[in-house]
Amino acid sequence: MDPILQSLTDAYNDYFNVEHDITVNCKEISGSLPSEQEFLASIPEPFLLAGEMGGLNMSALRSLNRIGELADELANYLQQQARKIDLLLHYVLRQQDSSAHRQFTLSYGGAGLCLQSSQPLSVLALVELKVFLAENEGAVYCLGQVISSEQTNDGWQIKVVFRRIRDQDRELIVRASLHQQSRQLKQKAAQRQLPD
């Protein structure tokens, strides 16, 4: 195997993946991988805004732990306000979803994703990704590189490793994958409780 491809495949396998379908816009891009600064300058404004909002919500709730017994009521109020903003932001982010580039994942995690496509992509091709997480958990803009493109009965199964992604966005994807795994485990436990 090509050493670059082997390195990217190893990076893809560094993180846990959860099997779940979420919406992704995947568009092949030409040229070489941009620098970190060029990538950061290219992130669409709604994705930057979404990242900032998530960070602000978490820091505001952490600071409430220091104020004592009224913290629960205040935290509840702030969470309701944050939820309203999240819904509005989710609507704005959905405007970034292009039907021409829409795909659905088979699995995803902190290192990359595997998606189902009607068209193949060349191994090592660079792609622009807009990842729309389930349950209004946010959206991420990043750049990836194809590490495999395999034909299946349903089209093409394409694995993409993240090459340019902000740390907070990787954390967001990891949290979303863990939340999804937790939901799946609860569903399986509930199904086992059902009588045959």
Spatial distance of atom CG (Leu178) from atom CZ (Arg175) [nearest 0.5 Å]: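 Leu178 CG to Arg175 CZ: 9.5 Å, rounded to 0.5 Å.
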Reported CZ-to-CD distance for the pair Arg166 and Glu171, which is rounded to 0.5 angstrom: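 With rounding to 0.5 Å, CZ (Arg166) is 11.0 Å from CD (Glu171).
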Measure across [X] and [Y] and return the closest heavy-atom pair with its distance rounded to 0.1 Å.
{"X": "Tyr108", "Y": "Ala176", "answer": "OH-O, 3.7 Å"}
{"X": "Leu93", "Y": "Ala139", "answer": "CD1-CB, 3.7 Å"}
{"X": "Ala111", "Y": "Ala11", "answer": "CB-O, 3.2 Å"}
{"X": "Leu33", "Y": "Arg163", "answer": "CD2-NH2, 3.5 Å"}
{"X": "Gln119", "Y": "Trp156", "answer": "C-CD1, 3.7 Å"}

Check: [Y] main-chain N/O paired with [X] side-chain donor or acceptor under 3.5 Å:
{"X": "Ser35", "Y": "Glu38", "answer": "yes"}
{"X": "Asn17", "Y": "Gly109", "answer": "yes"}
{"X": "Thr105", "Y": "Ile22", "answer": "yes"}
{"X": "Ser149", "Y": "Val123", "answer": "no"}
{"X": "Asn25", "Y": "Leu129", "answer": "no"}
{"X": "Ser117", "Y": "Gln157", "answer": "no"}
{"X": "Thr9", "Y": "Leu5", "answer": "yes"}
{"X": "Gln116", "Y": "Asp154", "answer": "yes"}
{"X": "Gln96", "Y": "Val92", "answer": "no"}

Are more than 12 heavy atoms, taken from residues, nucleotides or ligands other than [X], located less than 6.0 Å from that residue's [atom1] atom?
{"X": "Glu19", "atom1": "CD", "value": "no"}
{"X": "Asp2", "atom1": "CG", "value": "yes"}
{"X": "Ile4", "atom1": "CD1", "value": "no"}

Grouping I, L, V, M, F, W and Y whenever their side-chain heavy atoms are under 4.5 Å apart, do [X] and [Y] come out in a common cluster?
{"X": "Val140", "Y": "Val127", "value": "yes"}
{"X": "Phe132", "Y": "Leu143", "value": "yes"}
{"X": "Tyr15", "Y": "Val18", "value": "yes"}
{"X": "Leu124", "Y": "Val160", "value": "no"}
{"X": "Leu49", "Y": "Phe47", "value": "yes"}

Steps toward side chain to side chain contact (heavy atoms under 4.5 Å, CB included) verdict (Ile173, Ile165): CA-CA 11 Å; Ile173 290 174; Ile165 184 169; 4.0 Å; yes
Chi angles and distances behind the side chain to side chain contact (heavy atoms under 4.5 Å, CB included) call for Leu126, Glu28: CA-CA 6 Å; Leu126 290 174; Glu28 189 168 357; over 6 Å; no
Are the side chains of [X] and [Y] in touch, meaning some heavy atoms are under 4.5 Å apart?
{"X": "Val146", "Y": "Ile158", "result": "yes"}
{"X": "Leu106", "Y": "His20", "result": "no"}
{"X": "Tyr12", "Y": "Cys114", "result": "yes"}

Side chain to side chain contact (heavy atoms under 4.5 Å, CB included) between Cys26 and His101, intermediate numbers included: CA-CA 6 Å; Cys26 179; His101 301 291; 5.9 Å; no
Salt bridge (Lys or Arg N to Asp or Glu O under 4.0 Å) pairs, two or more places apart, involving residues 121-131: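 Qualifying pairs: Lys27-Glu128.
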Non-neighbouring partners of Glu36 that pass side chain to side chain contact (heavy atoms under 4.5 Å, CB included), sequence neighbours left out: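 Side chain to side chain contact (heavy atoms under 4.5 Å, CB included) check on Glu36 returns Phe39, Leu40, Arg164.
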Step-by-step side chain to side chain contact (heavy atoms under 4.5 Å, CB included) determination, Lys186 to Ser182: CA-CA 6 Å; Lys186 285 177 184 172; Ser182 176; 3.9 Å; yes
Gln103: which of Asp21, Thr23, Leu115, Leu113 passes side-chain contact (heavy atoms from CB on, under 4.5 Å):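 The side-chain contact (heavy atoms from CB on, under 4.5 Å) with Gln103 is passed solely by Leu115 among Asp21, Thr23, Leu115, Leu113.
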Test: Asp167 and Arg170 ion pair at under 4.0 Å: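 No, this pair does not count.
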